[in-house]
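Here the structure is laid out as structure tokens; the discussion comes afterwards.
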Amino acid sequence: MEINNLIIDEDLIGYLSSKENINTFINFCIRERQSVEIKMSMKRVRTPSIAELEKRHIASDTLKPLSVDEVDNPNTPFCGKKIVITGQFNAFPKRDVLGKLLRLYGADINTAISKHTNIVIMGNAAGPKKKEKIKDLQGQGFPIEVFNEFQLLKTFDEYNIPYEKPNEDDFVILE
């Protein structure tokens with residue numbers, strides 16, 4: 001029996017006169033509603049807003065490391081290190097701003113974690129694939145350091161790296 005081509009008024013009343021057809025119709029409605037809800041939720045997950053994409057984006061010039069002469073202070077733990085930034089940060093809503101700051105202190109900013117990565121700066125809501133990649137590479141003996149936002153800001157303070165301090169009420173650390 002085909003439900004899709006029913007004319008709502010007369011055909012539906014006739015079709016639903018059978019108990020078997022009522023169950024078939026109810027199951028069809030449930031499947032279709034779930035299908036629509038799944039498609040809508042997947043669209044929301046797969047389609048980040050332009051603002052979200054801007055926050056995640058790291059400009060191509062940020063990915064070009066500076067020469068030692070151009071670095072503000074080569075005596076920081078970031079100088080000469082390959083660094084990946086992932087997740088969301090309260091102090092740096094746009095990753096590119098954090099990337100540019102780290103670059104000024106000698107960091108070589110990368111977008112993907114590899115065996116050459118030295119440090120991963122991990123904010124809230126970091127992707128599970130990156131976390132898995134870190135654990136895998138560390139298990140193979142690659143010494144990848146992981147800084148959360150609190151550790152990063154503490155290091156900035158320790159090395160007198162200027163940044164705009166976030167409001168303490170907005171500061172949330174998720175593990």
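All of these numbers come straight from a predicted model, not from anything done at the bench.
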Quiz item: Do Asn73 and Asn160 come close enough that some side-chain heavy atom pair is under 4.5 Å?
Solution: no
Self-check item: Where Pro77 and Ile119 come nearest, the two heavy atoms and their spacing
Solution: O-CD1, 3.7 Å
Quiz prompt | Closest non-hydrogen atom pair between Ala91 and Glu149, with its separation | solution = N-OE2, 2.7 Å
Quiz prompt | Phe150 vs Asn90, side chain to side chain contact (heavy atoms under 4.5 Å, CB included): CA-CA, chis, key distance, verdict | solution = CA-CA 10 Å; Phe150 178 77; Asn90 293 309; over 6 Å; no
Pairwise salt bridge (charged side-chain N to carboxylate O under 4.0 Å, His left out) hits with a residue in [range], at least two apart:
{"range": "residues 132-145", "answer": "none"}
{"range": "residues 57-66", "answer": "Asp61-Lys100"}
{"range": "residues 107-120", "answer": "Lys82-Asp108"}

Quiz item: What residues, two or more places apart in sequence or in another chain, satisfy salt bridge (charged side-chain N to carboxylate O under 4.0 Å, His left out) together with Asp72?
Solution: none
Quiz prompt | Hydrophobic cluster partners of Ile134 (side-chain heavy atoms under 4.5 Å) | solution = Val84, Ile113, Val120, Met122, Leu137, Phe142, Ile144, Val146
Atom pair [atom1]/[atom2] of [X] and [Y] - distance to nearest 0.5 Å:
{"X": "Ile85", "Y": "Asp96", "atom1": "CD1", "atom2": "CG", "result": "8.0 Å"}
{"X": "Thr86", "Y": "Asn124", "atom1": "OG1", "atom2": "CG", "result": "11.0 Å"}
{"X": "Phe147", "Y": "Lys154", "atom1": "CZ", "atom2": "NZ", "result": "11.0 Å"}
{"X": "Thr111", "Y": "Arg95", "atom1": "OG1", "atom2": "CZ", "result": "10.0 Å"}
{"X": "Thr76", "Y": "Tyr159", "atom1": "OG1", "atom2": "OH", "result": "7.5 Å"}
{"X": "Leu102", "Y": "Leu152", "atom1": "CG", "atom2": "CG", "result": "6.0 Å"}

Quiz item: By ring pair (Phe, Tyr, Trp, His ring centres under 6.0 Å), which residues pair with Phe89, not counting sequence neighbours?
Solution: none
Quiz item: Among all residues two or more places apart in sequence or in another chain, which pass the ring pair (Phe, Tyr, Trp, His ring centres under 6.0 Å) test with Phe78?
Solution: Phe156
Quiz prompt | Results of side chain to side chain donor-acceptor pair (under 3.5 Å) for Ser60 - residues two or more places apart only | solution = none
Quiz item: Who pairs with Leu66 by side-chain contact (heavy atoms from CB on, under 4.5 Å), at least two apart in sequence or on another chain?
Solution: Glu70, Val71, Arg103, Leu104
